[in-house]
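See structure below.
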Number of protein chains: 2
Amino acid sequence: MSKKQIRLADLAEKLGISTATVSRALKDYPDISAETKRRVNELAKELNYRPNTLAAGLRKSETRIIGVIIPEIANHFFAKVIKGIMEVAYREGYNVMLCQSDEDYEKEVVDARALLSSRVDGLIVSIGNHTHDFSHFSEFLHAGIPLVFFDKTTPEIEDCSQVIIDDYAGAFQAVDHLIGQGCRRIAHIGGSFEAFTFQNRLNGYKDALKKNGIAFDPQLVFPSEKLTIQVAREHAEHMARIQPPIDGLFAATDLMAIGAMNGLKSQGLKIPQDVKIIGFSNWEMAEAVDPPLSSVNQPGYEMGKITTEILIREIKAEKEEREIVYEKIVLQTELISRESTRK
Amino acid sequence: MSKKQIRLADLAEKLGISTATVSRALKDYPDISAETKRRVNELAKELNYRPNTLAAGLRKSETRIIGVIIPEIANHFFAKVIKGIMEVAYREGYNVMLCQSDEDYEKEVVDARALLSSRVDGLIVSIGNHTHDFSHFSEFLHAGIPLVFFDKTTPEIEDCSQVIIDDYAGAFQAVDHLIGQGCRRIAHIGGSFEAFTFQNRLNGYKDALKKNGIAFDPQLVFPSEKLTIQVAREHAEHMARIQPPIDGLFAATDLMAIGAMNGLKSQGLKIPQDVKIIGFSNWEMAEAVDPPLSSVNQPGYEMGKITTEILIREIKAEKEEREIVYEKIVLQTELISRESTRK
DNA sequence: CTGAAAGCGCTTACAG
DNA sequence: CTGAAAGCGCTTACAG
């Protein structure tokens with residue numbers, strides 16, 4: 001069993017024709033005779049010829065690889081986004097090179113450089129919470145490689161498209177809903193406020209309070225660096241002791257909402273009778289917990305698809321040297337009301 | 001702003017030296033003068049030189065890319081495995097090209113070919129449930145590209161390593177535990193029995209019954225093509241009507257266990273008083289549902305790490321033309337007992 | 001309808 | 001300590 005892979009040259013030699021002709025025959029160029037095409041394709045199939053896309057890529061300066069940098073893969077929202085990305089990429093004939101920045105700025109930089117060195121045709125990024133310098137991303141734009149941000153983005157880079165959700169409106173909706181259900185003392189578990197998404201959710205929370213004439217109380221806000229069930233549970237145990245007692249909770253992720261729900265229940269509080277809870281993301285588990293969790297739907301899968309569609313459109317435009325029109329897509333959230341906020 | 005990326009030749013020209021010297025200086029070859037190295041590195045940094053790894057890969061016949069094919073990315077177990085894969089890959093300086101087969105045989109074949117064409121240095125695969133022909137994988141071995149299977153594997157390909165868990169033992173443990181807690185009529189929700197993993201879990205279930213002198217009753221087994229909460233809930237609603245009534249349930253995934261828990265609760269059954277439930281995987285949510293779900297821990301993250309470590313070891317061995325010793329690693333599962341199976 | 005030749009951007013054996 | 005040259009496996013403009 002040979003350890004070498006078949007090359008165009010091997011096919012050419014066996015058929016007694018040039019590599020140029022073999023190359024064209026495989027691509028079904030119109031000016032190659034039907035008979036030649038038949039012979040070439042037959043042999044290619046017989047020998048399991050797999051074209052070396054690196055070589056082709058080097059020659060054509062296109063790799064048909066899309067680079068993706070996300071902070072954390074084992075997160076249901078990002079997993080859904082990646083699923084959307086991969087489906088569109090597959091459909092359009094692109095491969096996906098995936099990097100996880102781990103919310104680590106240095107790693108994000110290293111990943112970005114590796115993808116640049118891999119000469120990806122385009123890049124999709126959700127920026128890490130602690131990233132405040134973006135030159136590792138602007139390098140792509142200088143090199144003419146399209147870049148689309150989703151979810152976590154920055155106003156500092158202008159020459160690129162972005163796909164986000166309306167975090168502010170979603171949070172506003174959520175808190176307005178709680179108030180509509182009778183809550184007056186509403187706590188908020190947020191993520192790192194360094195990140196725009198969590199900053200926006202906090203602002204939506206504040207403005208919904210204000211609109212309803214409820215004073216903002218900073219001691220009801222719990223920022224969390226790590227968004228784990230455990231952290232949320234600890235917050236909740238603290239929350240249960242606040243006086244006057246809280247009667248509502250808006251958590252910036254469903255996972256935190258569920259952790260807090262457990263924590264509050266373990267302190268003897270009843271959901272929704274004593275405290276009504278709403279999360280953010282509406283992932284699969286929200287309806288499976290007890291009581292089912294109200295949430296704000298965040299369409300991750302659609303986000304991944306749209307982001308990739310825009311990116312591929314820009315890759316094509318760049319190749320054909322057409323002007324790229326940058327888009328800013330704001331996906332709407334949707335309030336999903338379940339037991340956990342019932343009156 | 002130029003749209004072309006800097007090449008080795010650009011650096012060489014500006015410095016008035018050859019590309020060979022620049023190449024060696026950047027790699028810190030010992031026989032290049034310190035002064036030349038300094039000048040090269042300085043200019044490379046100033047111009048943001050990013051070596052084209054395609055070109056280097058073509059020349060060296062190594063891409064430092066690991067290909068990964070998994071059935072479904074938005075699945076917590078696989079997401080954890082990928083996380084493990086990416087961490088080791090990053091540490092060892094490899095990029096990861098990820099493909100999702102979607103439990104679709106045709107797509108799996110297309111993905112495998114694309115990765116072969118990308119000349120990945122190694123491949124990691126979890127085989128789809130409906131795959132019964134494996135020639136798209138053996139092509140890698142013929143080409144001298146190491147391949148490691150994890151979780152879903154096949155005895156039909158011998159020249160490769162695999163990392164699996166002991167599904168049989170895990171299932172046996174789970175059902176034995178239920179019996180120990182007093183259950184005698186134990187239902188089983190399984191996945192597609194085409195897949196070895198689910199077949200093995202079924203066998204563990206059967207043998208645990210047998211060991212404890214309980215007759216196997218086929219009407220208590222619910223195979224499921226789609227492993228969703230909804231499907232599990234429907235099964236549960238059916239289960240609730242079985243006579244004599246069930247008093248235990250072993251579900252082949254936590255998601256199914258949780259769906260079934262909801263279904264049974266909605267039929268007025270109490271968990272664990274009327275029916276004790278145990279799942280499989282022990283993902284984050286298991287301890288967050290009400291009552292907390294007993295489960296069999298399946299170490300996905302470790303699985304991803306070990307798989308990748310083995311693969312990289314084999315890539316190195318292949319490159320150095322050393323003999324590769326194939327390994328079969330069976331990770332042990334662990335029973336996690338929580339409220340849902342309390343006596 | 002087909003081929004010879006150049007070139008994509010690197011690396012490395014060979015020579016000096 | 002450095003350089004000239006070949007070559008990795010393709011594609012494509014040019015020529016016939």
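To find a chain, count down the sequence lines: A is the first, B the second, and so on, and within it residues start at 1.
Residue A:I17 is classed as a sugar-phosphate contact, given heavy-atom separations below 4.0 Å to backbone atoms only. Heavy atoms of A:S61 sit nowhere under 4.0 angstrom from any nucleic acid atom. Here A:T53 lies out of heavy-atom contact (under 4.0 Å) with every strand.
Ranked by how close their nearest DNA chain C nucleotide is to the 5' end, A:D31 and A:A20 are led by A:D31. For the pair B:V22 and A:L54, nearest-nucleotide mapping onto DNA chain D gives the more 5' position to B:V22.
Surrounding CD of B:E320 are more than 12 heavy atoms belonging to other residues, nucleotides or ligands, all under 6.0 Å away.
For A:Y49, a side-chain nitrogen or oxygen approaches OP1 or OP2 of D:dC10 to under 4.0 Å. Close to D:dT12, at under 4.0 Å from its OP1 or OP2, lies a side-chain N or O of A:Y29. Taking only side-chain nitrogens and oxygens, B:S23 comes nearer than 4.0 Å to OP1 or OP2 of C:dT11. Between A:T19 and the phosphate of C:dG3, there is no side-chain N or O to OP1/OP2 separation shorter than 4.0 Å. Considering only side-chain N and O atoms, B:K27 lies under 4.0 angstrom from the phosphate OP1 or OP2 of C:dT11. Between A:R59 and C:dG7, a side-chain N or O to OP1/OP2 separation shorter than 4.0 Å is absent. For C:dT2, the OP1/OP2 oxygens have no side-chain nitrogen or oxygen of A:T21 closer than 4.0 Å.
Across the strands present, D:dA13 finds no partner; the criterion is a Watson-Crick or G-U wobble pair with both atom distances under 3.5 angstrom. Pairing for C:dA4 is absent, with no Watson-Crick or G-U wobble pair whose two atom distances lie under 3.5 Å.
Picking from D:dT12, C:dT12, C:dC10 the nucleotide with the shortest atom distance to the side chain of B:K60 gives C:dT12. Picking from D:dG3, C:dA4, C:dT11 the nucleotide with the shortest atom distance to the side chain of A:S18 gives C:dA4. Residue A:A56 has its side chain nearest to D:dT11 when only D:dG9, C:dC10, D:dT11 are considered.
For the side chain to side chain contact (heavy atoms under 4.5 Å, CB included) with B:D104, the lone residue among B:Q100, B:E108, B:E106 that qualifies is B:E106.
Ring geometry, A:F77 versus A:F150: the interplanar angle falls from 30° to 60°, so the pair is classed tilted.
Scanning atom types as modelled, one donor and one acceptor separated by under 3.5 angstrom connect the side chain of B:R24 and the base of D:dG3.
One can place CG of A:L58 at 8 Å from C1' of C:dC10, the figure rounded to the nearest angstrom. Distance B:L15 CG to D:dG3 C1': 15 Å, rounded to the nearest Å. Here the C1' atom of nucleotide C:dC10 and the CZ atom of B:R119 are 18 Å apart, to the nearest Å. Summarising the geometry, the separation between CG on B:L8 and P on C:dT11 is reported as 6 Å, rounded to the nearest angstrom. Rounded to whole angstrom, the span from the CG atom of A:L11 across to the C1' atom of C:dG3 amounts to 17 Å. When rounded to the nearest whole Å, the span between CG of A:L116 and P of C:dG9 equals 14 Å. Protein atom CD1 of B:I32 is 13 Å distant from nucleotide atom P of C:dT11, rounded to whole Å. Taking atom CD on B:E62 and atom C1' on D:dC8, their separation rounds to 13 Å, with Å as the unit.
Figure legend: A:K152 and A:F196 shown without cation-pi pairing, the cationic atom not lying both under 6.0 angstrom from the six-membered ring centre and within 45 degrees of its axis.
The ring of A:H142 has its center no closer than 6.0 angstrom to the ring center of A:F137.
Neither side chain, A:S135 nor A:S138, offers a donor N or O lying under 3.5 Å from an acceptor on the other.
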